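Remarks on the structure that follows.
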2 protein chains.
Amino acid sequence: MATDQAARELGLMVDYLVLKLSGLIDVTADMKSALTMVCTTRATFARGDHVIQPGETFKSVYLIMDGWATRSKLTSSGARQIINFAIPGDFLCFNAALFRESEVFVRAHTRLEAFVVPIRPFSEMLLKQPQLAIALAWTAAQEEGIVSERLLSLGRRSALQRSAHLLCEIHKRLQTVRLVKETDQFELPMTQEDLADALGVSLIHMNRVLRNLSKTGLISIKRSSVRLLDLKALRSLAGFDDDYLHLPEHAA
Amino acid sequence: MATDQAARELGLMVDYLVLKLSGLIDVTADMKSALTMVCTTRATFARGDHVIQPGETFKSVYLIMDGWATRSKLTSSGARQIINFAIPGDFLCFNAALFRESEVFVRAHTRLEAFVVPIRPFSEMLLKQPQLAIALAWTAAQEEGIVSERLLSLGRRSALQRSAHLLCEIHKRLQTVRLVKETDQFELPMTQEDLADALGVSLIHMNRVLRNLSKTGLISIKRSSVRLLDLKALRSLAGFDDDYLHLPEHAA
DNA sequence: AGGCGGCACTAACATAGGTTAAAAAATGGT
DNA sequence: ACCATTTTTTAACCTATGTTAGTGCCGCCT
């Protein structure tokens, strides 16, 4: 809370990222100005727009200001798997400096507002701010942890558990950037098909599972807003343990 | 081949890593000596030994010289999911400098020979050798790509396709460090249970699938040695496209 | 306000893959 | 070489999830 206000009082345009990093490291004024210095160009993507596609050459790194994005892959027969979601404060194409071209689809999942940082200035900023570089590397490593945990879900948890687990994870991640209401309610701008593609189940089964979760009073969904009615039971069902997110101790 | 010999003539102890990196970057003598400088302590793990366990504090990074390792996670009910395999030239606990403690099991899958590099000297080497740091970051990013592709497999490919895909991937990765014979034959020191745990299927089903692959003449297994009899057909079945490994053009 | 298009939901049926149980074969230690 | 373990293989049966085929709802656009 305090951190939240501190960040906003500075009127930073990189609020969400700072929220995510503080608690983890001490975000100095220097880092903040280095970040704002480099976050000059904004871009807006319409829902469904491709930020980048497989085979396309990386040109920039993106920092999400508002909205959701997805990283996804397709099988040769056209089936889609969503690898991960990105929310405000997350980077897109963070590995742009390492690889020439993308191997995945990065799409705006809602209307998306982001800063566009060309690779060159981004790399230079990292060289000048080693502490910040480490913090952002942490961010990337955290994402790998998230993908690993999803792999565990797809490999070894039932569709019901997977779904519960994803909801717990999103809830936690959104909390980090203060996008969850007191009532454990948050916006989840995803169709059941999107969820199915993230969890490796069919659309029909996704629907069965969601209704099951609703019927048993664990969650309630209205419009694209979800409320976790019994967080404890949901986490227990999912076998959710947030260790893999490596969040700072004090996080809610 | 040429690269292979060049590396071996130098009598480097970091052969496999250099093999992996060359082609990607120009591995200078400076980098090699920085690497050998830091790779002084060797450790041998017996098959099944834990290199690190969840909750345990990171102390070192490891560079595999010989043998295989796995990164795996358990569900709360004890089911295991292997996240990835590590082969000679791969690092273990590469994120040790970023996180305090491990969230996964890292185990010696065979008898394992590795260099042990304490975090401090490892970080210092990276700071002194930015080019090498970038190459190793590339390595870490490649692993994330591998995990993502496995997620696609578990989410959207049949058990048969997944199995074929994993075999194609291991074949390709082993080729990078010259551990595949001309005949597309290589050592695969894994029980069917291990493969099952990597692919998110039951042991029994894993057995069905492997016999299917053998019966249809795609592979042959004897002892812990596998031979891909029809690489083209296997890749086609798997929908295998090695783009996600981001290998240099000329790689076999 | 009406109509269109995407989503959510239902139902009946099909199957890939899971479970349990047990035998055969290979491996490794002494 | 022999015994103890581990690993592979078989078989019978079961279920979670997929597929196909719809209906109806809701939000958005004009």
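Chain A is the first sequence line, chain B the second, and so forth, proteins listed ahead of strands; every chain is numbered from 1. In this text, all values refer to a predicted model and were calculated from it rather than measured experimentally.
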To the nearest angstrom, how far is [X] atom [atom1] from [N] atom [atom2]?
X	N	atom1	atom2	answer
Gln192(B)	dA26(C)	CD	P	13 Å
Ile221(B)	dT8(D)	CD1	P	9 Å
Arg223(B)	dT8(D)	CZ	C1'	14 Å
Leu210(B)	dT7(D)	CG	P	15 Å

| Within the pair Arg211(A) and dT10(C), is there a side-chain N or O less than 4.0 Å away from OP1 or OP2? |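 Checking dT10(C) against Arg211(A), a side-chain N or O does come within under 4.0 Å of OP1 or OP2.
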| request: Kindly say if Asn207(B) contacts the phosphate of dT8(D), meaning a side-chain N or O under 4.0 Å from OP1 or OP2. | output: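 Answer is no, no contact under 4.0 Å.
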| Along DNA chain C (nearest heavy atom to each residue), the more 5'-positioned of Arg156(A) and Met190(A) | Met190(A)
Please determine if [X] and [Y] form a salt bridge, counting it only when a charged side-chain N lies under 4.0 Å from a carboxylate O.
X	Y	answer
Arg173(B)	Asp90(B)	yes
Arg235(A)	Asp242(A)	no
Arg157(A)	Glu149(A)	yes

| said: I want to confirm an ordering. Mapping Arg47(B) and Val201(A) to their closest nucleotides on DNA chain D, which one lands closer to the 5' end? | reply: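 Of the two residues, Arg47(B) wins.
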| field | Upstream residue (5' side of DNA chain D) when Glu193(B) and Val209(A) are each assigned their closest nucleotide | value |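 That would be Glu193(B).
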| task | Check every strand shown and say whether Ile204(B) touches a base, only sugar-phosphate, or nothing at a heavy-atom separation below 4.0 Å. | result |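 Counting heavy atoms under 4.0 Å across all strands, the contact made by Ile204(B) includes a base.
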| said: For a quick check of understanding: with a heavy-atom distance under 4.0 Å over all strands, which category does Thr191(B) fall into, base, sugar-phosphate or nothing? | reply: sugar-phosphate
| field | Of the listed nucleotides dG17(C), dG18(D), dG18(C), the one nearest the side chain of Ser202(B) | value | dG18(C)
| said: Let's test your reading of the model: under 3.5 Å, does the base of dG18(D) pair with the side chain of Arg208(A) as donor and acceptor? | reply: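 Under the 3.5 Å cut-off, the side chain and the base do form a donor-acceptor pair.
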| task | Look at the aromatic rings of Trp68(B) and Phe85(B) and report parallel, tilted or perpendicular, splitting at 30° and 60°. | result |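 Rings of Trp68(B) and Phe85(B): perpendicular, as their planes differ by over 60°.
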